[in-house]
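The structure appears below as structure tokens.
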Amino acid sequence: MATFSQSTVDKGCDSFTDFCCSPCLEHNIDQWAEFYCDNCLKFYCGECLNLHGQLFSKHVAYGRGDTSKWPVSKEVEDFLQKCDLHEDKRLEMFCHDHSELCCTSCAFLNHRLCAQVTPISESVDGPPPDLQQLSRKIKTILETLKKLEKNWNTNMQTVQASYNKQLLEIREPHKKINTILDNIEKNTIKELDDKLTSLKASIKTDADNCSKLKNELKQLSDAVYDIVDKGKSEHAFIASRKCLEKLKQSETYLKENSSQVESSLTFQADIDILHYLSKLQGLGRIVLSTVESSVLGGTGHVFTVQGWTEHDMSISSDLYRCDIGAVCVLSDDTTIVADGSNKLIKLLDHQYRVVAICDLSAPPKDICQITQNEVAVVVVYDKTQGVQFVDVNGVRLVKGRKLRFQHSCNGIAHNLQELYLTSGTALYKYSMKGALLKKLHEDTSDNYTVWKCAVSPSGDTIFITNQSHSKVHTLDRDGLVLNTFTDPDLKNPYGMHVTALGQVLVCGGVSHNTLQLDGEGKKKLATLATKREGLWIPQSVCYNTSTASIIVGQLYGNQIFVFKVK
């Protein structure tokens, strides 16, 4: 019986589940399955498949390239058939009146009066639904929701930052008010000190005058005592006159100071200040400021560059200057660059430092993401050209299967189960197994008329760069040319990229710039970077939704440029 690993539906992963090797799981070993045997109904890792092949040579095993022939896991079936309203019930019926799936409880509670409620098995007649188209729409909405969620998180950080800033602003007037109050207090205390000094000086003068008069009278009294009965009339006369004079002064002084005033100092607070402050509820008003902006953006949202940084892609083992022919950002913000001159793809961390490499032994020309942890790399071999699939396992790059093609390969794009390859003069559509589905477009007027390609999120529009004639063509799903863009600012376009919201970015190699086109490829919306920012023959571009950054790689240049945009 088929065995499966724990469902990842609840973990928010891009894939619902992965599969474990059945024999390994029986021995409590958690090993990813690489093959499925339709005869045994079991999964096998590479090692177990060798043993299985020795025992059952006629059994047909399908690898991960043929996952369409693998069964749907029980976890996925349970997820799909679980009723959203009654989680313990399975979906069994379909109400045609309301176009709703129902479990038995839903049918009884909400659809008893409906005219046509039939079992699901009887409702599947007719052409099958276009699940790929629905998947494209879901993918587009998921990217939009991811950007919206990121904006909420950014808004939360902005609110917190504004709070911290205003907290300092609130404390600033408090400091100023304290400074003013300190100065007022200082002035009031100075006035108190001046009053005290003046009052003490006045009292000291009175005390000194009193003491002086007292000393003079005592001295005169002692002199009179000495001359009494001494018989000198002159001394007696002088003493009597002085006594009369001092007595007169004393009487006048006593009369003037008959009632002594006791002085003291008191403080009377300014009632107006206290009354004003008591009426205040705060130091000011808190004002909520809002600015409406286009959060979801869209194909018409024009990027504006806020700044940029440069990052060195070279490593010590490089033999030549880097040739960054492609840049790819995975769903978890992991960045991979293709270094054609050193025949490597390089894995970068979030600071754009090289943390892992994968030696392809041949120049990589372009990269596109296939799954959350897998990329496809266009590789130019000596006699043949093809696509090398590489798994991103943490900080390791592991080579997987290969596809070989008879024609040249320059550019690659992926949309659901379809690969788009450019040969220099033609655009091809292949299945994931490498089967040719259709030649969509061809221009043999020169050797570089179909150089690189990109596909819109919905898969309805395909863009190709015509390097020979400095054009960008917009094709429909069947390869019909819808629009052709030319502009004096775009010379020899190399790489291009379409964001999850449909914004179109293209590198002008000879014009040394990066442009943004509208979603239909009709007109230029902005020139994002030029030689002024340091660009020299840019040939690859990619947009990182999570960091709102445009990454540009150059021909024979060790640096990539990361432009922060809004």
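Here the structure is a predicted model, which is why all the values come from computation and not from measurement. The figures here come from the full heavy-atom set of this structure, side chains too, leaving out hydrogens, waters and symmetry mates.
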Closest non-hydrogen contact found for Gln369 with His414 is O-ND1, 3.4 Å
Does the side chain of His111 come under 3.5 Å of the side chain of Glu100 through a donor N or O and an acceptor N or O? yes
Rounded to the nearest 0.5 Å, the CG atom of Asp84 sits from the NZ atom of Lys89 at a distance of 15.5 Å
Quick check: do Tyr428 and Leu440 have side-chain heavy atoms less than 4.5 Å from each other? no
Do Val562 and Thr547 have side-chain heavy atoms sitting under 4.5 Å apart? no
Would you say CG of Leu113 has more than 12 non-hydrogen atoms from neighbouring residues, nucleotides or ligands within 6.0 angstrom? no
Between atom CD1 of Ile462 and atom OG1 of Thr422, what is the distance when rounded to the nearest 0.5 Å? 12.0 Å
Give me the one residue out of Asp446, Thr449, Asn447, Thr425 that meets side chain to side chain donor-acceptor pair (under 3.5 Å) with Ser468. Asp446
Side chain of Asn558, backbone of Cys322: donor and acceptor closer than 3.5 Å? yes
Could you walk me through whether Thr104 and Glu92 pass the side chain to side chain contact (heavy atoms under 4.5 Å, CB included) test, one step at a time? CA-CA 7 Å; Thr104 53; Glu92 299 179 8; 3.6 Å; yes
Side chain Asn466, main chain His469, donor-acceptor under 3.5 Å: yes
Would you kindly say whether Tyr420 and Glu418 are connected by a side-chain donor-acceptor distance under 3.5 Å? yes
Quick one: list whatever passes salt bridge (Lys or Arg N to Asp or Glu O under 4.0 Å) with Lys82, sequence neighbours left out. none
Is Ser540 reaching over with its side chain to a backbone N or O of Gly495, donor-acceptor style, under 3.5 angstrom? no
Closest non-hydrogen contact found for Val565 with Ser549 is CG2-N, 4.4 Å
Would you say Lys452's side chain and Pro493's backbone share a donor-acceptor pair under 3.5 angstrom? no
Test of ring centre spacing under 6.0 Å for Phe303 and Phe563: no
Side chain to side chain contact (heavy atoms under 4.5 Å, CB included) between Cys24 and Cys48: does it pass, once the steps are laid out? CA-CA 8 Å; Cys24 290; Cys48 291; 3.8 Å; yes
Dump the intermediate steps for salt bridge (charged side-chain N to carboxylate O under 4.0 Å, His left out) on Asp66 and Lys433, then the final yes or no. CA-CA 8 Å; Asp66 296 317; Lys433 298 179 183 179; 2.9 Å; yes
I'd like to check Glu34 versus Arg64 (side-chain heavy atoms, cut-off strictly below 4.5 Å). Are they in contact? yes
Are Tyr36 and Phe43 an aromatic pair, judged by ring center distance below 6.0 Å? yes
Indicate yes or no for a side-chain donor-acceptor contact from Asn483 to the backbone of Gly521 under 3.5 Å, with no hydrogens or angles considered. no
For Asn492 and Gln467, indicate whether the former's side chain and the latter's backbone hold a donor-acceptor pair under 3.5 Å. yes
Would you say that Leu330 contacts Val392 through its side chain, given a criterion of any heavy-atom pair below 4.5 Å between the two side chains? yes
So Thr484 and Val472, do their side chains get closer than 4.5 Å, heavy atoms only? no
Can you measure from SG (Cys21) to NE2 (His27) and round to the nearest 0.5 angstrom? 10.0 Å
Indicate the atoms forming the closest heavy-atom contact of Ile367 with Cys328, along with that distance. CG2-CB, 3.7 Å
Under 3.5 Å: donor-acceptor pair, side chain of Gln31, backbone of Ser22: no
Taking every non-hydrogen atom, the tightest pair across Pro457 and Leu501: CG-N, 4.4 Å
Check the pair Thr334 / Leu347 against side chain to side chain contact (heavy atoms under 4.5 Å, CB included), numbers first and verdict last. CA-CA 7 Å; Thr334 300; Leu347 179 68; 3.0 Å; yes
Give, for atom CG of Asp359 and atom CG of Leu397, the distance between the pair rounded to the nearest 0.5 Å. 11.5 Å
With Lys346, the salt bridge (Lys or Arg N to Asp or Glu O under 4.0 Å) member among Asp323, Asp312, Asp318: Asp318
Is any side-chain heavy atom of Ile370 closer than 4.5 Å to a side-chain heavy atom of Cys368? yes
Looking at Arg401 and Glu374, is any side-chain nitrogen of the basic one under 4.0 Å from a carboxylate oxygen of the acidic one? no
Heavy-atom closest pair (Cys507 atom, Val552 atom, distance to 0.1 Å) is SG-CG1, 4.4 Å
Spell out, as yes or no, whether a donor-acceptor pair under 3.5 Å connects the side chain of Gln388 to the backbone of Gly400. yes
Classify the side-chain pair Ser57/His59 by whether it contains a donor and acceptor separated by less than 3.5 Å. no
Does the distance from a Lys or Arg side-chain N to an Asp or Glu carboxylate O, for Lys69 and Asp38, drop under 4.0 Å? no
Test your reading of the model: is there a side-chain donor-acceptor pair from Asp476 to the backbone of Asp478, 3.5 Å cut-off? yes
When you compare the side chains of Thr371 and Asn373, does any donor N or O come within less than 3.5 Å of an acceptor on the partner? no
Which pair of non-hydrogen atoms, one from Ser458 and one from Arg477, has the smallest distance, and what is that distance? O-NH2, 3.9 Å
Between the side chains of Ser105 and His86, is a donor N or O closer than 3.5 angstrom to an acceptor N or O? no
Counting only heavy atoms not in Gln406, do more than 12 sit closer than 6.0 Å to its CD atom? no
Using side-chain heavy atoms (C-beta onward) and a distance below 4.5 Å, is Thr499 in contact with Val504? no
Heavy atoms from other residues, nucleotides or ligands near CD of Glu77 exceed 12 (cutoff 6.0 Å): yes
Assign the ring pair Phe19 / Trp70 to parallel, tilted or perpendicular, where the plane angle (0 to 90°) is split at 30° and 60°. perpendicular
Check: His52 and Cys40 side chains under 4.5 Å, non-hydrogen atoms: yes
Look only at the side chain of Trp451 and the backbone of Gly411, and say whether a donor-acceptor pair between them is shorter than 3.5 Å. no
Can you confirm whether the side chains of Ser341 and Asp339 place a donor and an acceptor under 3.5 Å from each other? yes
Carboxylate-amine/guanidinium contact Lys522 Asp518, below 4.0 Å: no
Count the heavy atoms of every other residue, nucleotide or ligand shown that sit under 6.0 Å from OH of Tyr352, and state whether that count exceeds 12. yes
Which distance, rounded to the nearest 0.5 Å, do you find between the CG of Asn415 and the NZ of Lys429? 9.5 Å
Could you tell me if Ser123 and Thr118 have a donor-acceptor pair between their side chains, going purely by distance under 3.5 Å? yes
How many angstroms lie between OG1 in Thr461 and CG in Leu482, if you round to the nearest 0.5 Å? 6.5 Å
More than 12 heavy atoms of other residues, nucleotides or ligands under 6.0 Å from CG of Asn50: yes or no? yes
